[in-house]
Chemist: 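To start, I am sharing the structure in question, which I have written as structure tokens.
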Amino acid sequence: MKKIIIPVMLGFGVAMALIIGQRMSTDAMAVVIGVVVGVASSVPTSILLMALLRRERAGMTSWRQEAPPPPQIQTPNFIVLNPSDLVNGRTSQMQVPMPPPNYGMDGGLRRLRVVGDEDEWS
């Protein structure tokens, strides 16, 4: 039975390919061939990737057995603030105001010039 099924399926596939090939346009056939070639080219890459992942997993098991113990967990640091100092404005540090920014010669104002105006550009 198996000897008959394989040639029948192969003949069916060839007949379908011939019928579909005669009825499809050239552009559609190019798309189908491109998809088939693309899938066929991804198979070796997938096999190579699976082999590399298996090799890495095999190496990871031996590495995990030799791994050192995890480091000690350090206790967190706490900072305690007195809310009354923040509300009343009393702080231990003296705050010095920032100097005013230097805006340049004109005090930070821009002088706009209209193109074609009769005033000179000095």
Side-chain angles (χ1 to χ4, degrees):
M1 185 72 175
K2 289 183 181 179
K3 292 181 181 180
I4 296 174
I5 291 177
I6 293 175
V8 169
M9 294 296 285
L10 187 62
F12 179 75
V14 169
M16 287 297 290
L18 288 174
I19 292 171
I20 291 173
Q22 290 174 354
R23 294 184 183 193
M24 287 178 74
S25 68
T26 307
D27 294 336
M29 185 63 76
V31 169
V32 170
I33 291 173
V35 168
V36 169
V37 169
V39 170
S41 67
S42 70
V43 171
T45 306
S46 300
I47 292 172
L48 179 64
L49 186 63
M50 287 175 34
L52 289 175
L53 288 174
R54 281 187 185 167
R55 183 179 295 174
E56 183 178 331
R57 284 184 187 162
M60 291 289 279
T61 56
S62 64
W63 178 75
R64 286 185 184 165
Q65 293 171 356
E66 299 172 5
Q72 297 285 336
I73 297 175
Q74 187 178 16
T75 58
N77 296 331
F78 292 99
I79 299 174
V80 180
L81 298 175
N82 187 359
S84 64
D85 287 344
L86 298 174
V87 172
N88 295 335
R90 293 181 292 154
T91 58
S92 60
Q93 296 178 353
M94 185 172 180
Q95 295 181 359
V96 179
M98 296 287 294
N102 184 8
Y103 288 115
M105 300 279 282
D106 59 356
L109 301 175
R110 293 184 180 181
R111 292 177 27 190
L112 302 176
R113 295 185 176 101
V114 179
V115 176
D117 197 9
E118 294 182 11
D119 292 341
E120 289 185 25
W121 293 58
S122 56

Chemist: Quick check on the hydrophobic clustering: are M16 and M24 connected, directly or via other members, by side-chain heavy-atom contacts under 4.5 Å?
Modeler: yes

Chemist: How is the hydrophobic cluster of I4 composed, in terms of its other members, when Ile, Leu, Val, Met, Phe, Trp and Tyr link through side-chain heavy atoms under 4.5 Å apart, directly or indirectly?
Modeler: V8

Chemist: Using atom types as modelled, flag every donor-acceptor pair under 3.5 Å from a side chain in residues 28-44 to any protein atom, sequence neighbours excluded.
Modeler:
from, atom 1, to, atom 2, distance (Å)
S41, OG, V37, O, 3.3
S41, OG, G38, O, 2.8
S42, OG, V39, O, 2.7

Chemist: Out of curiosity, I5 CD1 to L10 CG, how far, rounded to the nearest 0.5 Å?
Modeler: 13.5 Å

